[in-house]
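Below is one structure, written out as structure tokens; the observations come after it.
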Amino acid sequence: MLTLGAGSPDETLSAAAWRTEQDGKALGHIFRPAIDWLFAALFDDLDHCRKSYESERMRSQLPGNYRADAPASRD
């Protein structure tokens, strides 16, 4: 998956956009609003990037049998 900045290879573009915006990076300030607008317009999914970031942090995207053994995040 393509990420912004120095993201993890499996980080979604949406999560990376939220994270980089929170870090004050220009690409995050450009991509996060655009992605959120697109998901709101097409799927009625408000605040998509923040929810994607939180899902990554909680490892919600992983199958259940992988969550307990998942390595800690690199913050």
Side-chain angles (χ1 to χ4, degrees):
M1 177 67 53
L2 179 65
T3 64
L4 299 173
S8 299
D10 65 340
E11 183 178 36
T12 66
L13 186 59
S14 299
W18 174 265
R19 179 181 51 76
T20 57
E21 183 183 50
Q22 300 310 300
D23 290 344
K25 297 194 170 129
L27 284 178
H29 288 286
I30 294 167
F31 284 106
R32 199 277 313 151
I35 294 168
D36 274 347
W37 176 85
L38 183 65
F39 274 79
L42 296 177
F43 306 110
D44 199 31
D45 184 2
L46 303 176
D47 212 13
H48 172 79
C49 292
R50 180 191 56 78
K51 291 187 283 186
S52 294
Y53 174 78
E54 289 174 357
S55 175
E56 293 275 351
R57 296 274 299 148
M58 299 301 293
R59 298 179 176 92
S60 300
Q61 77 281 9
L62 295 175
N65 58 329
Y66 284 103
R67 289 185 198 154
D69 298 329
S73 65
R74 58 164 196 91
D75 286 324

Hydrophobic clusters here meaning ILVMFWY residues chained together by side-chain heavy-atom distances under 4.5 Å, can you tell me if Leu13 and Trp37 are in one? yes

To the nearest 0.5 Å, tell me how far Ile30 CD1 sits from Lys25 NZ. 13.5 Å

Can you get from Phe39 to Leu42 by hopping between Ile, Leu, Val, Met, Phe, Trp and Tyr side chains that sit under 4.5 Å apart? yes

Under the side chain to side chain donor-acceptor pair (under 3.5 Å) test, residues paired with Glu54 that sit two or more places apart: Arg50

Same cluster for Leu38 and Leu46 if Ile/Leu/Val/Met/Phe/Trp/Tyr side chains link at under 4.5 Å? no

Applying side chain to side chain contact (heavy atoms under 4.5 Å, CB included), name anything that partners Glu56, two or more places apart in sequence or on another chain. Thr12, Ala15, Gln61

Does Asp45 have any side chain to side chain donor-acceptor pair (under 3.5 Å) partners at least two apart in sequence or in another chain, and if so, which? His48, Lys51

Rounded to the nearest 0.5 Å, what's the gap from CZ on Arg32 to OG on Ser52? Could you check? 12.0 Å

Check the hydrophobic clustering (I, L, V, M, F, W, Y; side-chain heavy atoms under 4.5 Å; chains of links allowed) and say if Leu27 and Ile35 are grouped together. yes

Measure across Gly28 and Thr20 and return the closest heavy-atom pair with its distance rounded to 0.1 Å. CA-OG1, 3.1 Å

